[in-house]
There are 2 protein chains.
Amino acid sequence: MATASTTQRLFQQFEPELLKKVQQVGLVRKFKAEEYLMQTGQQIRSAVLVLDGVIKVFREDDEGNEVFMYNLHPGEACAISMTCAARQLSSQIMAKALVDTEVLAIPVELMDEWALKYRSWYQFVLETYRSRFEELLDTLDHIAFRNLDERLLWYLKQHQKSLKSNFIKTSFTDIALELNSSREVISRLMKKLAEKGHVKLHKNEVEILNLKM
Amino acid sequence: MATASTTQRLFQQFEPELLKKVQQVGLVRKFKAEEYLMQTGQQIRSAVLVLDGVIKVFREDDEGNEVFMYNLHPGEACAISMTCAARQLSSQIMAKALVDTEVLAIPVELMDEWALKYRSWYQFVLETYRSRFEELLDTLDHIAFRNLDERLLWYLKQHQKSLKSNFIKTSFTDIALELNSSREVISRLMKKLAEKGHVKLHKNEVEILNLKM
DNA sequence: ACCCTCCTGTGATGCTTATCACGCCCAAAG
DNA sequence: CTTTGGGCGTGATAAGCATCACAGGAGGGT
């Protein structure tokens, strides 16, 4: 199957035996762009490894405000899914496919078993945590210290990197939602960025020209 | 020794054999109030379990701004120390004792060994991550969505809980630093809180009367 | 063609918070 | 006693952003 070579490429650090098991028991699940992989309060029964695509992980509060946490890419895993799965807790987060996405779901029971058996799995879990933690701290820094114009730039850079594209097909309204701002403000800031030659604005789409400042 | 009963009480979930090892190899280190346990860029060579006291974990950027992350209490462990130790990385965070504090340092080599050997240790590491992650998310929520007055209340509640005391001996200047605000603003907000009967202001000290709102 | 909806641009206004500029009190040091 | 420095209170001012109000354009459906 196609998954075998993909997993092998993405998870080279796994011991051969572990890799084989991952391929055997991992359940491939596909999601369309914009589809939700996980929603607040949902029970988690498996750890999620990303095979292809991009997953946006974020939080939403009672009033519909959202906090962006980080994006997940192929070869990465969702830290939340790991702990919550391990402890049978419901998640407090949302995960949404930004493009068509493919993940590998590992049943929770095996997580524990593997951790005790395969050093590379344990290391992988730890590394997953470490990276997500770092990313979350980075997000925290930006929200705490940066003004909206810098955060907007950061948003654009993130999407450019995650989607490997200079075209972002998102409405200002959605960008505003993600940055906890308002459409009008984003509109004005985008205009400034366009004037400075960093972006070019199209209908329903932002083209990134040059974000070096 | 005194540590034996303390560790037993705090880490009941550990298997007896693991508990014994923890007591054998754990190095007890004491810190005075206000002392730093860890500073940005410092190499980490052991995981830290808190035995007594309170540790404030936070970040500091180039310009001296700080972001509060969470407080650690007896029975808890520093997630950062765990991953960084495991991967021999330097920390990007600061940790400071809020009161006289006692910790148990576990050499990094044993972390890996125990993870493969003791289910309860692996569970403990996972749980540590999960809790710190949750706390970090909580902090993120507050910074992203709450106004300064609510964040000040949150700050007071945290200290009340962590220090188990209704008296906070901290200058407004320091509180402002922690909340990324300015002394004047804290002064005005405190006055409001005092007028509403939530706190009573003393020289160099805030007395918490009632934070229920 | 027409309507309807979604996306965008722009001015006006006000809230929250940062910053500046003082002056006051108190305590420790000279 | 006087000086000095740290903590505090308070007004004035301004930056950053949210919100409201309104208008125009583009596209899809009927």
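All values derive from a computational prediction rather than experimental measurement. Convention: sequence-line order gives letters A, B, ...; per-chain numbering from 1.
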Measure from [atom1] on [X] to [atom2] on [N] and round the result to the nearest Å.
X	N	atom1	atom2	value
B/Lys192	D/dG9	NZ	P	14 Å
B/Ile186	D/dT10	CD1	C1'	15 Å
B/Arg151	C/dT16	CZ	P	15 Å
B/Asn204	D/dG6	CG	C1'	9 Å
A/Ile175	C/dC7	CD1	P	12 Å
B/Lys203	C/dA28	NZ	P	11 Å
B/His202	C/dC26	NE2	C1'	17 Å
A/Met190	C/dT10	CE	P	15 Å

Output one letter per nucleotide in nucleotides 12-21 of chain D: B when a protein non-hydrogen atom lies under 4.0 Å from the base, S when only the sugar-phosphate is that close, - when neither is. B----SBBBB
May I ask you to verify if any side-chain N or O of B/Lys191 is less than 4.0 angstrom from the OP1 or OP2 atom of D/dT10?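 Answer yes for this pair, as a side-chain N or O of B/Lys191 is under 4.0 Å from OP1 or OP2.
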If only side-chain N and O atoms of A/Ser187 are considered, is one of them under 4.0 Å from the OP1 or OP2 phosphate oxygen of C/dT8?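 So the side-chain polar atoms of A/Ser187 never come under 4.0 Å of the phosphate oxygens OP1 or OP2 of C/dT8.
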Non-neighbouring partners of A/Arg151 that pass salt bridge (Lys or Arg N to Asp or Glu O under 4.0 Å), sequence neighbours left out: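 Scan of A/Arg151 (salt bridge (Lys or Arg N to Asp or Glu O under 4.0 Å), adjacent residues dropped) gives none.
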How would you list, by chain and number, every residue that makes a salt bridge (Lys or Arg N to Asp or Glu O under 4.0 Å) with A/Lys96, sequence neighbours excluded?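 By the salt bridge (Lys or Arg N to Asp or Glu O under 4.0 Å) rule, A/Lys96 matches A/Glu34.
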Using C1' atoms of five pairs at each end, report the bend of the helix from C/dA1-D/dT30 to C/dG30-D/dC1 rounded to 10 degrees.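 Comparing the axis at each end, I get an angle of 20°.
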Return each pair, listed once, that meets side-chain hydrogen bond (donor to acceptor under 3.5 Å, both in side chains) where at least one residue sits in residues 164-175 of chain A; pairs must be two or more places apart or across chains.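 Residue pairs with at least one partner in residues 164-175 of chain A: A/Gln160-A/Asn166.
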Classify the side-chain pair A/Glu135/A/Thr139 by whether it contains a donor and acceptor separated by less than 3.5 Å.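 No, because no side-chain N or O of A/Glu135 sits under 3.5 Å from a partner of the opposite role on A/Thr139.
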Report the residues that fulfil ring pair (Phe, Tyr, Trp, His ring centres under 6.0 Å) with [X], sequence neighbours left out, ordered by chain and then residue number.
X	result
B/His73	none
B/Tyr155	B/His159
A/Phe11	A/Phe14, A/Phe124

Please check: side-chain N/O of B/Arg132 versus main-chain N/O of B/Ala77, any donor-acceptor pairing under 3.5 Å?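 Answer holds: yes.
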By side-chain hydrogen bond (donor to acceptor under 3.5 Å, both in side chains) - contacts of B/Asp141 (at least two apart):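 side-chain hydrogen bond (donor to acceptor under 3.5 Å, both in side chains) list for B/Asp141, sorted by chain: A/Arg59.
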